[in-house]
Novice: 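So that we are looking at the same thing, I have put the structure below in structure tokens.
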There are 2 protein chains.
Amino acid sequence: MNEPDFKSYTAAAEMLKALAHPVRLCIVRGLLQKKQCNVSYMQECLNLPQSTVSQHLQKLRSAGIVETERSGLEIKYTIADERVKQLIVLLLPKEDAIYE
Amino acid sequence: MNEPDFKSYTAAAEMLKALAHPVRLCIVRGLLQKKQCNVSYMQECLNLPQSTVSQHLQKLRSAGIVETERSGLEIKYTIADERVKQLIVLLLPKEDAIYE
DNA sequence: ACGTTATATCGTAATATTACGATATAACGA
DNA sequence: TCGTTATATCGTAATATTACGATATAACGT
């Protein structure tokens, strides 16, 4: 039988919920491209208040989608769950090329 | 550059939001297995009130994830967007075997 | 036309998410 | 130690989602 139990569904739903926001998708896609990024850079890219960006990042972080590493004053974010790469490929229109 | 624009992110987020609920994931996975299903069957499986199941189905439907076909008194639901298959494979633990 | 079955929609209370300014924390350089 | 920079957290108002009983609709058999 081996049906996914309720817990599996809940866990998967949590992950999807964390990704299910245009700003967070944008952050994640940027991280997949750039591999690593600090908050102020994202903030400029997104053109959103710092606290807003930070809150989205915390949501991604507590879902295990990204992780952090401090480097002096900055916190560098990276992708922590490789599955999101495939999710993004599946869901966002492809790029012709990715620079850098 | 060809960056996905805001609209792409919003569209992808809508899709994820529609899937980001344990009950809806369960419905979708069931449909992937059984190919086709009516509402009362799902209702029994899920053991939830009819209106609750129906509302989840409407959410999946308006996201284009499932589609319907009437057959007499019943409405048969099927998966409309093949991408969800890969999403499910990616997110839910695999089954050893799928019967029928 | 009438009762029955299957499904959808409405109304709504409870809960969750979002955005964002204000404030806190942590690390740096002087 | 102090000021500054980078980031996180708090408080909260606005908005969205959820669950579910009640009610509506649509198709069937008689």
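Chain letters run A, B, ... following the sequence lines, proteins first, then strands; residues in each count from 1.
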Novice: Under 3.5 Å for both donor-acceptor distances, Watson-Crick or wobble: does D:dA13 have a partner, and if so which one?
Specialist: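 Across any shown strand, D:dA13 pairs with C:dT18.
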
Novice: Considering only side-chain heavy atoms of B:Y77, which listed nucleotide, C:dT7, D:dT18, C:dA26, is closest?
Specialist: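 Of the candidates, C:dT7 comes closest.
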
Novice: Give the intermediate values and the outcome of salt bridge (charged side-chain N to carboxylate O under 4.0 Å, His left out) for residues A:R83 and A:D81.
Specialist: CA-CA 5 Å; A:R83 290 177 300 171; A:D81 185 332; 2.8 Å; yes

Novice: Could you please name the partner base of D:dT23, counting Watson-Crick and G-U wobble pairs only when both distances are under 3.5 Å?
Specialist: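 Looking at the geometry, D:dT23 pairs with C:dA8.
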
Novice: Need one value for A:S40: base, sugar-phosphate or nothing, where a base atom within 4.0 Å counts as base even if backbone is also close, heavy atoms only.
Specialist: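 Counting heavy atoms under 4.0 Å across all strands, the contact made by A:S40 is with sugar-phosphate only.
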
Novice: Between C:dC20, C:dT17, D:dT18, which nucleotide gets closest to the side-chain atoms of B:K59?
Specialist: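 Closest nucleotide to the B:K59 side chain: D:dT18.
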
Novice: Assign B:Y41 to base, sugar-phosphate, or nothing according to its heavy-atom contacts below 4.0 angstrom with the strands shown.
Specialist: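 If one applies the 4.0 Å heavy-atom cut-off, B:Y41 turns out to touch nothing in the nucleic acid.
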
Novice: What's the shortest heavy-atom distance between A:I88 and A:L25, and which atoms?
Specialist: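 Scanning both residues completely, I find the closest heavy atoms to be CD1-CD2, 3.9 Å.
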
Novice: Under 4.0 Å between any heavy atoms, over every strand shown, what does B:Q50 touch: base, sugar-phosphate, or nothing? Just pick one.
Specialist: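 Answer is base: heavy atoms of B:Q50 come under 4.0 Å of a base.
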
Novice: Taking only the side-chain heavy atoms of A:S54 (C-beta and beyond), determine which of D:dA8, C:dT9, C:dT7 contains the nearest atom.
Specialist: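 Comparing D:dA8, C:dT9, C:dT7 against the side chain of A:S54, the answer is D:dA8.
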
Novice: Nearest to the side chain of A:R70, heavy atoms from C-beta on, is which of C:dT9, C:dA22, C:dA27?
Specialist: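 Taking heavy atoms from C-beta onward, the closest nucleotide is C:dA27.
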
Novice: Is the shortest distance from a Lys or Arg side-chain nitrogen in A:K85 or A:E82 to a carboxylate oxygen in the other one below 4.0 Å?
Specialist: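 Result for this pair is no, no salt bridge flagged.
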
Novice: Find out whether the Lys NZ or Arg CZ of A:K34 is both under 6.0 angstrom from the six-membered ring centre of A:Y77 and within 45° of the ring's axis.
Specialist: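 The answer is no, since A:K34 fails at least one limit relative to A:Y77.
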
Novice: Establish whether the base of C:dC20 is bridged to the side chain of A:Q55 by a donor-acceptor pair shorter than 3.5 Å.
Specialist: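 Flag set: donor-acceptor pair detected.
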
Novice: Under 4.0 Å, counting only non-hydrogen atoms across every strand here, what does B:R61 touch: a base, just sugar-phosphate, or nothing?
Specialist: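 Nothing, no nucleic acid heavy atom in range.
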
